[in-house]
Amino acid sequence: MTNNVYFIGGGQMVTAMIRGLLRQGMAADQIGVTDIDPKRLAWLKANLGVRVSATPDQAALHQAEFVVIGVRPQDNIKQVVQAIAKATPTGTVLSIVAGVSIATIAAQLGNNQTPIARVIPNTMTEAGYGTNAVSLNATADQTAVVKFLSAIGKVAVIPESQMAVFTAFGVAGPNYIYHFFRAMSNAGVLAGLSRNQANELLLENLKGAAVMLTDQHPEILLDRNNSAGGVGIHAANALAQGGFDAAIADAVLAAKATTESLGAHHD
Ligand SMILES: NC(=O)C1=CN([C@@H]2O[C@H](COP(=O)(O)OP(=O)(O)OC[C@H]3O[C@@H](n4cnc5c(N)ncnc54)[C@H](O)[C@@H]3O)[C@@H](O)[C@H]2O)C=CC1
Ligand SMILES: O=C(O)[C@@H]1CCC=N1
């Protein structure tokens, strides 16, 4: 178990990570957080019992086994990394900032020795699903990082070149399902179901489809469901005419391009 962790930025994703660490039995007083928003700090202290401070706690930063950069790509990453460098961290610097590269963080830290892990966490892990991806620099200890991240769910160690696609396809992945759910629910209501009926049927089918797709190919399942000249194949034709596959592909490619561009201005 990790002994102490320090978070810079205490927003939604960091809160989910802290909850995971607490669930794993980490003591709240071993977790420090700084955030520029005093309301956020008050909330974290009152609800999670962690140690909070309005400016980075230099001693805690220096000692932490993991220093987590939890701000957004649009925030002042340079200032945050410089505050870390000033405290001469003895642990691993772990960034969850989408799009920002290990090289950018190393350059701003001003050395190549500090262990760095770049992580893209997945909010699905709150439900016990979803994969968090991580890339490491040469000095990071993979076993220790994976152990730390296992507090927030499954972990995939990937080359950094795959980080954008993991972000766009895997981490933004639940979003596509939520969009599908909303569109399908509306379609059910449009076709005459009550909202409750539509959502119940939809959820049941989604759960069942996940089980079927675990070991069967979608083409085989579709072939089985679409009888000749029947209901399903007409629906499939309407989906094709509406550009369903192309819209999904465009969405993933747009998310991938955005991930790449989010960090570019920090280089
Ligand atoms: N929300 C999500 O689903 C995911 C988010 N991420 C990444 O996690 C990071 C955080 O995202 P969220 O938690 O959604 O954002 P958020 O806006 O909820 O949290 C960011 C926090 O950082 C604080 N902050 C900004 N500048 C600061 C500074 N200089 N020093 C200290 N605190 C500062 C803000 O006050 C805010 O509380 C982002 O980089 C995002 O790319 C990664 C994967 C998924
Ligand atoms: O949409 C976002 O910016 C965050 C980062 C990746 C997934 N969610």
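Residue indices begin at 1 and follow the sequence shown.
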Identify each donor-acceptor pair in which a side-chain atom of residues 197-210 lies under 3.5 Å from a protein atom, sequence neighbours left out, and give them as a table.
unit_1: Q197; atom_1: OE1; unit_2: S194; atom_2: N; d: 3.0
unit_1: Q197; atom_1: OE1; unit_2: S194; atom_2: OG; d: 3.4
unit_1: N199; atom_1: OD1; unit_2: S185; atom_2: OG; d: 2.6

Can you give me every donor-acceptor pair (side chain of residues 89-97, partner residue at least two apart or in another chain, under 3.5 Å) with its distance?
unit_1: T90; atom_1: OG1; unit_2: H62; atom_2: O; d: 2.5
unit_1: S95; atom_1: OG; unit_2: V97; atom_2: N; d: 3.1

Pairs under 3.5 angstrom only: tabulate donor-acceptor contacts from the side chains of residues 153-172 to other protein residues two or more places apart or in another chain.
unit_1: E160; atom_1: OE2; unit_2: I102; atom_2: N; d: 2.8
unit_1: E160; atom_1: OE2; unit_2: R118; atom_2: NH1; d: 2.8
unit_1: T167; atom_1: OG1; unit_2: M163; atom_2: O; d: 2.7

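Side-chain atoms of N175 never come within 3.5 Å of backbone atoms of Y178 as a donor-acceptor pair (strictly under, hydrogens ignored). Judged by distance alone, the side chain of N137 and the main-chain N or O of P115 form no donor-acceptor pair under 3.5 Å. Side-chain atoms of D35 come within 3.5 Å of backbone N or O of G10 as a donor-acceptor pair. Between the D75 side chain and the I77 main chain, no donor and acceptor come within less than 3.5 Å of each other. Between the side chain of N132 and the backbone N or O of I152, at least one donor-acceptor pair lies under 3.5 Å.
The side-chain heavy atoms of E219 and D223, taken from C-beta on, include no pair separated by under 4.5 Å. With contacts defined as side-chain heavy-atom distances shorter than 4.5 Å, the pair I84/L109 qualifies. The shortest distance between side-chain heavy atoms of T34 and F7 does not fall below 4.5 Å. In this structure the side chain of Q108 reaches within 4.5 angstrom of the side chain of T104, judged on heavy atoms. At least one side-chain heavy atom of D57 sits less than 4.5 Å from a side-chain heavy atom of R51. Contact annotation: the side chain of L61 never approaches that of K86 to less than 4.5 Å [non-hydrogen atoms, C-beta and beyond]. Residues V71 and I69 are in side-chain contact: their nearest non-hydrogen atoms beyond the backbone lie under 4.5 Å apart. The shortest side-chain heavy-atom distance between I116 and T139 does not fall under the 4.5 Å cut-off.
Between the CG atom of D141 and the CD atom of E65 there is a distance of 9.5 Å, given to the nearest 0.5 Å. From N237, atom CG reaches atom CD of Q241 across 4.5 Å, with rounding to the nearest 0.5 Å. Atom CG of residue D245 and atom CG of residue L239 lie 8.0 Å apart, to the nearest 0.5 angstrom. The CG atom of L22 sits 12.0 Å away from the CE atom of M17 when rounded to the nearest 0.5 Å.
Q216 and R224 form a side-chain donor-acceptor contact under 3.5 Å, judged by distance and modelled atom types alone. Between N186 and R195, the side chains place a donor N or O and an acceptor N or O closer than 3.5 Å (distance only, hydrogens not considered).
Hydrophobic clustering places F148 together with V119 (ILVMFWY residues linked when any side-chain heavy atoms are closer than 4.5 Å, directly or through intermediates). At a threshold of 4.5 Å between side-chain heavy atoms, the hydrophobic network of Ile, Leu, Val, Met, Phe, Trp and Tyr places W43 and V50 in one connected group. Cluster annotation: F66 is connected to V146 through the hydrophobic network of ILVMFWY side chains, with a link wherever side-chain heavy atoms come within less than 4.5 Å. Linking Ile, Leu, Val, Met, Phe, Trp and Tyr whenever their side-chain heavy atoms come within less than 4.5 Å puts V81 and V100 in one cluster. Linking Ile, Leu, Val, Met, Phe, Trp and Tyr residues whenever their side-chain heavy atoms come within less than 4.5 Å leaves I120 and M13 in two separate clusters.
The heavy-atom pair separating Y6 from S53 by the smallest distance is OH-OG, 3.3 Å. Contact record, P56 with A83: CG-CB, 4.1 Å, taken as the closest heavy-atom pair. Here the shortest heavy-atom pairing between Y176 and A255 reads OH-CB, 3.6 Å. Between N4 and A64, the shortest heavy-atom contact is OD1-CA, 2.7 Å. Taking every heavy atom of both residues into account, P174 and M124 meet most closely at CG-CG, 3.1 Å. What you find for A98 and P73 is that their closest heavy atoms are O-CG, 3.4 Å.
Crowding of N112 atom CG: a count of heavy atoms from other residues, nucleotides or ligands under 6.0 Å not exceeding 12.
Checked options V14, I18, V52; the residue passing with I31 is I18 (criterion: side chain to side chain contact (heavy atoms under 4.5 Å, CB included)).
Taking the six-membered ring where tryptophan is involved, the planes of F244 and F180 are perpendicular, since the angle between them exceeds 60° and thus also 30°.
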Mind running side-chain contact (heavy atoms from CB on, under 4.5 Å) on Q30 and L21 for me, showing each step along the way?
CA-CA 10 Å; Q30 293 303 301; L21 292 168; over 6 Å; no
